[in-house]
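Structure first, commentary second.
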Amino acid sequence: MLEETLHKYFGYDTFRIGQKEVVESVLQGNDTLAVLPTGTGKSLCYQLSGYLLEGLVVIVSPLISLMEDQVSSLQKTQEKRVIALNSLLTKEEKRFVLRKLNQYKFLFASPEMLLQPEVLQALERCKIALLVIDEAHCVSQWGIDFRPEYRQLQRVKKRLKDPVTLALTATATKLVRNDIAATLLKENLNEIVYSVDRPNIALFVRETDDKFATLEETLKHFSGSGIIYCATRKNVEELYGLLKDRWNVGYYHGGLETNQRKVLQQQFSSGQLQLLIATNAFGMGINKPDIRFIIHYDLSDSLENYIQEIGRAGRDGRQSYAILLYQQGDEYVHHFFSQITQKEREGLERLFAHQQEETTPLQEKWQNQAQVIGEEAVLQLLTQNEEMKKQRLQNMLSYIFSTGCRRERLLANFEEELGVIPDQCCDLHGAQLPDPEIPRAAMATVDHWQEILLKLFKENI
DNA sequence: CGCAATTATGGTATCATAATTGCGGTGCTATACT
C-alpha cells in the first residue's frame, strides 16, 4: 500500500531503514520522535506522509540554506506547492504567501518566522496536516541560550490546535530526546530510534604537544576530501594561512558573507577544494558522499556535536577516518564559551531583581520566554543548561582519555552498546590510518578560492 | 585560560619591557543605507 504511494510520488520501490515505520506512526496520528542515521532520507518521511494527509505540512528548519535545499529537492519531483517562508522574501511576497497559504502543500520556516503574529494568524486559518521539526536536536542544543525561539515552538503548536508532530534528527542522547518530547510532543509519543553508529568511520585520538606537526603528519595519509574543524574563527584562519601554499584548501566560518559561504560549500562539494578548514558553522545539510576524513584540530564541546561532525565522512559507505588532535588545555576555550552564557544569565537575574536596566538581545528573548513560563522557570532552565554543558564537555574529554574502545565510549553517550566491532574500529583496537600517499603534484596552477572570488567581484564592478 | 594587541612606564634610549585590555561558536529577522 504505502509502497505504491512511494512509487507514485518518488519512483522508489522500497523504503530505506526506518522510513516506513515513521510514516505509519505519523499516519496513525501519533506524535513521533525519529532518530534515523544520516543519509537515510529523513525528509521523505514527512513528504510521503504529507501526500497521504489532508492539509498543509509545516516544516521547521534551522537554516535558510537547508530550506532552500529541501524546496529545490521537492521541486525536482514536480511538486510546485512548496515554499520557504523566510527573510529572503520581500514584504509583498510574504504577504502574498500568507494570504494564499491554502494553495501550498509544504511550508518551510524558521522558529523565529513562525512566531510572528501575522504568520500565526495565517496558519490558524489553515488546515495543518503535520508539524515537522527538522534537525530536532536544535530544540535542546540551541533552544536555551542561542535561539530561544526554538523552545517557544510549543506556543506555535498550541496556536495551531496541537497538530500531529514529527521530530526528526540523526543524533540525540536520551536526555535530549526526553527534552524534545517534553517541550513539543504529546505524552503518548512514538519513539523510533536507530543506532547512531557509523561502522565505516574509524576513530582516532592523537595527543600531542605540537598539533601542527601532528596535523601535517596526519594529512600525509590522505588524498581524498576532508574537513578540518577548529573551535574558533581565528584558529581557522591561522591554519588556513599555514596550509594554503601546499594544499588545495579553503576556509569557512560564520564571519564570512553568505555569498562566500555558498561559493565555498559548492567548491568543496564539487571537489574543487580538497580540504576545508571550518568552525562548527559548516556541515549541517552537507551531503557530499566521498568525504574521507574529518580532523579535529580542536575538540568539540560535546560528543553530540562530535558525532555530528565526524558523521559527515563516508556517506558513500567506504572506509573513512575521524582523527581528533588534542593538546593539553584545548578544552579551555569551551569553558570560556560557557562563561559567556553564565554572565548573560547573571545579568538576567539582576534584571529580574530590578538591579539593572539594560538588556542584551539574548536577555530580551529570555524575558519574552519568561512571560510564558515564568521568570523562575527561565532561570532554572539556564542554570540547568550550564550544568549540562559542563557535563557534555566532561564526556568529550572522557572520550579523549578513554583507555577502552573509543567506539564503545562514543556509543555509550547515546545509551547504545557496541555490537559487532568493525575491522577498522579505533586506535585502541589497532586501527591504522591508510598508507601515506605519494606526494601530490604541485598545485601552483590552481587558484585559491579567494583569488577566484576576487576575479568574480572585479568582473562585476 | 591563553594569546595578541594596546597602553603605560621608566627616566631620557625616536626604545625596551611591563601591565592592561580585549577577544574567543552556532543564525534567524528587520531596517536603513548605498
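Fair warning: this is a prediction, and the values are worked out from it, not measured in the lab. Chain identifiers are assigned alphabetically (A, B, ...) following the order of the sequence lines, protein sequences preceding nucleic acid strands; residue numbering begins at 1 within each chain.
Out of B:dG24, B:dT29, B:dT26, the shortest distance to the side chain of A:S87 is found at B:dT29. Listed candidates were B:dT31, B:dG25, B:dT29. Nearest to the side chain of A:K91 is B:dT31. Each of B:dT26, B:dG25, B:dT29 was ranked by its minimum atom distance to the side chain of A:T232; first place goes to B:dG25. When the nucleotides B:dG24, B:dT26, B:dT29 are ranked by their closest atom to the side chain of A:A281, B:dT26 comes out on top. Taking only side-chain atoms of A:Y332, from C-beta outward, the nucleotide of B:dC1, B:dG25, B:dG27 with the closest atom is B:dC1. Picking from B:dG27, B:dG24, B:dG25 the nucleotide with the shortest atom distance to the side chain of A:E112 gives B:dG27. Checking B:dC28, B:dA30, B:dT26 against the side-chain heavy atoms of A:R147 singles out B:dC28 as nearest.
Salt bridge annotation for A:E118-A:R95: absent, with no cationic side-chain nitrogen under 4.0 angstrom from a carboxylate oxygen. A:E191 has a carboxylate O that lies under 4.0 Å from a charged side-chain N of A:R177, or vice versa, which qualifies the two as a salt bridge. Salt-bridge formation is not detected for the pair A:D134/A:K42: no Lys NZ or Arg NE/NH1/NH2 atom is positioned less than 4.0 Å from an Asp or Glu carboxylate oxygen. Ion pairing between a basic and an acidic side chain is recognised when a charged N comes within 4.0 Å of a carboxylate O; A:D197 and A:R407 show such pairing. Of the charged side-chain nitrogens involved, at least one lies within less than 4.0 Å of a carboxylate oxygen, so that A:D179 and A:R151 count as a salt-bridged pair. Salt bridge status for A:D145 with A:K389: present, with a side-chain N to carboxylate O gap under 4.0 Å.
Within residues 361-370 of chain A, the residues that have a heavy atom under 4.0 Å from DNA chain B are, in order of number, A:K365.
Separating the P atom of B:dT34 from that of B:dA30 is a span of 22 Å, rounded to the nearest Å.
Remark: P of B:dG25 and CG of A:N235 are 8 Å apart, rounded to the nearest angstrom. Spacing between atom CD of A:Q342 and atom P of B:dG24 amounts to 19 Å, rounded to whole angstrom units.
With ring centers used as reference points, A:Y229 lies 6.0 Å or more from A:Y297. In this structure, the ring of A:H253 has its center less than 6.0 angstrom from the ring center of A:Y251. Between A:Y252 and A:Y240, the distance separating the two ring centers is not shorter than 6.0 angstrom.
Looking at which nucleotide of DNA chain B each of A:N86 and A:K234 is closest to, the 5′-most match is held by A:K234.
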(message) For Watson-Crick and G-U wobble pairs within 3.5 Å on both distances, what is DNA chain B written in dot-bracket notation, | included for inter-strand pairing?
(response) ((((((((((....))))))))))..........
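Backbone-only engagement by A:M113 is indicated by non-hydrogen atom pairs under 4.0 Å involving sugar-phosphate atoms exclusively. Across all strands, A:H253 comes closer than 4.0 Å only to sugar-phosphate atoms, never to a base (heavy-atom distances).
Dashed line: the shortest gap from a side-chain N or O of A:Q328 to OP1 or OP2 of B:dC1 is not under 4.0 Å. Between A:S110 and B:dT29, a side-chain N or O to OP1/OP2 separation shorter than 4.0 Å is present.
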